[in-house]
Amino acid sequence: MALTLTDRWLWDFWFAVDGADVHVFYLQAPRALGDPDLRHQHATIGHAVSRDLHRWHVLPDALGPGPLGAFDDLATWTGSVVRAGERWHMFYTGVSRAEHGAVQRVGRASSPDLLTWTRHGPVLEADPRWYEKLHGAVREEAWRDPWVWWDEPTDRFHMLLTARADRGPLDGRGVIGHATSADLEHWEAGPPVSSPGEFFHLEVPQLVHLGGLWRVLYCVTAGEHSAARLSRPGVIAHGGTHYLVAEDRLGPYRLETDEFLVGDERARHYAGRMLEHDGRWHFFAWENLDDAGAFVGALSDPMPVLVSPDGTLRVGTPARGR
């Protein structure tokens, strides 16, 4: 595995490329907790850098919980980084102690150098016009994992999120949420770019253009397929990383195939991301469970991304470290 921390578990992650340096930000929690299920409410955002995608140098942590009473005073979760002008901007998920971590909001921090971050508070929460709010039949208000990019044709920043539609069977309300901004400070939610029906939620989205199509990567566990999906012939309840496709970057997005890009019954590799580096596309995931079923919590080695003759994507075996 490319990055293993002796004293901390590592899971969801995202990249920022600055010249020859590839920065990775990741969720982490102390292994001393003992039970990996406890990690979510103790999550902070760690940071490492590499030039070859195999050897990583761990840097000081990027973000921890906010001050008491803040929207993120319990934990900071998954996000993304975008550069605008002379500053880097990290959009991340925050959960609070007052709400017992049940309501998710998106926050923003900025940095001149990817090392020192200044918080700017929450910028967005789920809009009830399109998205489910917290209620008694669900465990959380899903509005997390923001993926942000600048879109030249619309002259705006766009954000994709893990979200849930406000109607339909509970087990299939998962959608890719959408919001826009002109300045990174003021955001407006819009309707989702995908339709519900397949999964409880679609986690950790990432937008890439590959093989002539726009693709949104996402991940789910084996237990989060809807009953309607599982009733289709040939569908297997795998966990791992899959993707939606569209001809336009703003959707609408649809499944290209029911077969996961990287998946199995145990979701051994989870929350995959793609990175273009030295002219080639690479796939990374965090290592979830080992062969004995024990939690691992480490970053995988890079794996080559291949486009099949029929246009579908495949992931090859991990590349060897140099």
Practice item. Answer yes or no for R39 and W11: cation-pi contact, defined as NZ/CZ to six-membered ring centre under 6.0 Å and angle to ring axis within 45°. Key: yes
Check your understanding: Looking at F200, is R164 sitting on its ring face, NZ or CZ under 6.0 Å from the six-membered ring centre and within 45 degrees of the normal?
Key -> yes
Exercise for review: Before giving the answer on side-chain contact (heavy atoms from CB on, under 4.5 Å), spell out for E141 and E99 the whole-Å C-alpha distance, their side-chain angles and the decisive distance to 0.1 Å.
Suggested key: CA-CA 10 Å; E141 183 174 307; E99 295 159 328; over 6 Å; no
Practice item. Please name the residue in the list E256, H242, H209 that meets the side-chain hydrogen bond (donor to acceptor under 3.5 Å, both in side chains) test with R215. Key: E256
Point to revise | Salt bridge present between E198 and R173 (N-O < 4.0 angstrom) | key: no
Point to revise | Ring center gap for Y92 and W117 short of 6.0 angstrom | key: no
Check your understanding: Less than 6.0 Å separating the ring centroids of W286 and F13?
Key -> no
Practice item. Show your working on ring-ring contact (aromatic ring centres under 6.0 Å, His included) between F284 and W14 and close with a plain yes or no. Key: CA-CA 10 Å; F284 295 79; W14 56 100; over 10 Å; no
Minimum heavy-atom distance [X]-[Y], with the two atoms named:
X	Y	value
A271	D12	CB-OD1, 3.6 Å
T44	T76	CA-OG1, 3.6 Å
V305	H282	CG2-C, 3.7 Å
T162	V204	OG1-N, 3.2 Å
T78	T93	O-OG1, 2.9 Å
A142	Q104	CA-OE1, 3.2 Å

**Study point:** Modelled atom types, side-chain donor and acceptor of E185 and H120, under 3.5 Å
**Key:** no
Point to revise | Distance-only side-chain donor-acceptor flag, R314 / S308, under 3.5 Å | key: yes
Practice item. Step by step, work out the ring-ring contact (aromatic ring centres under 6.0 Å, His included) result for H225 and F199. Key: CA-CA 5 Å; H225 297 243; F199 303 102; 5.0 Å; yes
Practice item. Kindly indicate, with the supporting measurements, whether the criterion side-chain contact (heavy atoms from CB on, under 4.5 Å) is fulfilled by V175 and L202. Key: CA-CA 6 Å; V175 292; L202 294 80; 5.6 Å; no
**Study point:** CZ (R232) with more than 12 external heavy atoms under 6.0 Å
**Key:** yes
Exercise for review: Can you establish whether the number of heavy atoms outside E188 located under 6.0 Å from its atom CD is more than 12?
Suggested key: no
Exercise for review: Test side-chain contact (heavy atoms from CB on, under 4.5 Å) on V81 and H89 and set out the steps.
Suggested key: CA-CA 6 Å; V81 171; H89 299 263; over 6 Å; no
**Study point:** Any donor-acceptor pair under 3.5 Å from E224 side chain to T221 backbone
**Key:** yes
